[in-house]
Amino acid sequence: MRLPQMKIRTMKNLKKIQINGCSYQCSKVIEKYKLSKDGIKVIDYNLIGFVVEKDKEIIWVDNVEAVLWVDNSDPKKRQYWIETSAYAEDFFLEEPISFKDYMKSVA
């Protein structure tokens with residue numbers, strides 16, 4: 001049996017997560033990625049969790065109601081609460097990339 005491959009990534013557009021109406025500082029996500037059979041390319045990845053800044057607790061994505069997202073393209077850096085499912089939709093690959101390039105992108 002193969003263990004899942006996971007990586008923690010710091011997100012510049014993530015400030016907080018919301019659980020049961022309470023918000024927690026958070027800027028790191030946990031991604032699960034899948035390698036091609038030859039192990040050379042990452043063929044898929046998705047969001048599976050968040051790391052709370054204060055106590056480094058892992059919160060699985062299904063338990064998070066919303067995320068506080070920062071529009072980094074906006075000069076005023078406006079922030080919006082968005083549903084977690086909408087945020088998670090951005091975690092996909094249009095085409096496979098090399099494992100080396102993927103690891104650089106999440107460093």
*asked:* I'd like to know whether Val51 forms a side chain to side chain contact (heavy atoms under 4.5 Å, CB included) with Cys26, so could you lay out the CA-CA distance, the side-chain angles of the two residues, the decisive distance to 0.1 Å, and finally the verdict.
replied: CA-CA 6 Å; Val51 180; Cys26 178; 5.6 Å; no
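Under a 4.0 Å N-O distance rule, the pair Lys7/Glu31 does not qualify as a salt bridge.
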Name the atoms and distances for all side-chain donor-acceptor pairs under 3.5 Å in residues 86-98, with sequence neighbours left out.
unit_1: Tyr87; atom_1: OH; unit_2: Asn13; atom_2: OD1; d: 3.2
unit_1: Ser98; atom_1: OG; unit_2: Asp101; atom_2: N; d: 3.0
unit_1: Ser98; atom_1: OG; unit_2: Asp101; atom_2: OD2; d: 3.1

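For the side-chain contact (heavy atoms from CB on, under 4.5 Å) criterion with Val29, the lone passing option out of Ile8, Leu14, Thr10 is Leu14.
For residues 10-23, no pair satisfies salt bridge (charged side-chain N to carboxylate O under 4.0 Å, His left out), with sequence neighbours left out. Sequence neighbours left out, the pairs with a member in residues 38-69 that pass ring-ring contact (aromatic ring centres under 6.0 Å, His included) are Tyr45-Tyr102.
Contacts of Asn63 classified as side chain to side chain donor-acceptor pair (under 3.5 Å), with partners at least two apart in sequence or in another chain: none. For Glu83, the side-chain contact (heavy atoms from CB on, under 4.5 Å) partners two or more places apart in sequence, or in a different chain, are Ser85. Residues passing the salt bridge (charged side-chain N to carboxylate O under 4.0 Å, His left out) test with Asp74, sequence neighbours excluded: Arg78. Under the side chain to side chain donor-acceptor pair (under 3.5 Å) criterion, Lys34 pairs with no residue, sequence neighbours left out. With sequence neighbours excluded, no residue forms a side-chain contact (heavy atoms from CB on, under 4.5 Å) with Asp62. In terms of the side chain to side chain donor-acceptor pair (under 3.5 Å) criterion, Gln79 has no residue partners (sequence neighbours excluded). The side chain to side chain donor-acceptor pair (under 3.5 Å) search around Thr84 returns none, not counting sequence neighbours.
For the pair Leu68 and Tyr80, the minimum side-chain heavy-atom distance is 4.5 Å or more.
Panel note: side chain Ser27, backbone Met11; no donor-acceptor pair is recorded below 3.5 Å.
Heavy atoms of other residues, nucleotides or ligands lying less than 6.0 angstrom from CG of Asp38 number more than 12.
Clustering of Ile, Leu, Val, Met, Phe, Trp and Tyr by side-chain heavy atoms under 4.5 Å joins Ile40 with none of the others.
Between the OG atom in Ser36 and the CZ atom in Phe99 there is a gap of 10.5 Å [rounded to 0.5 Å].
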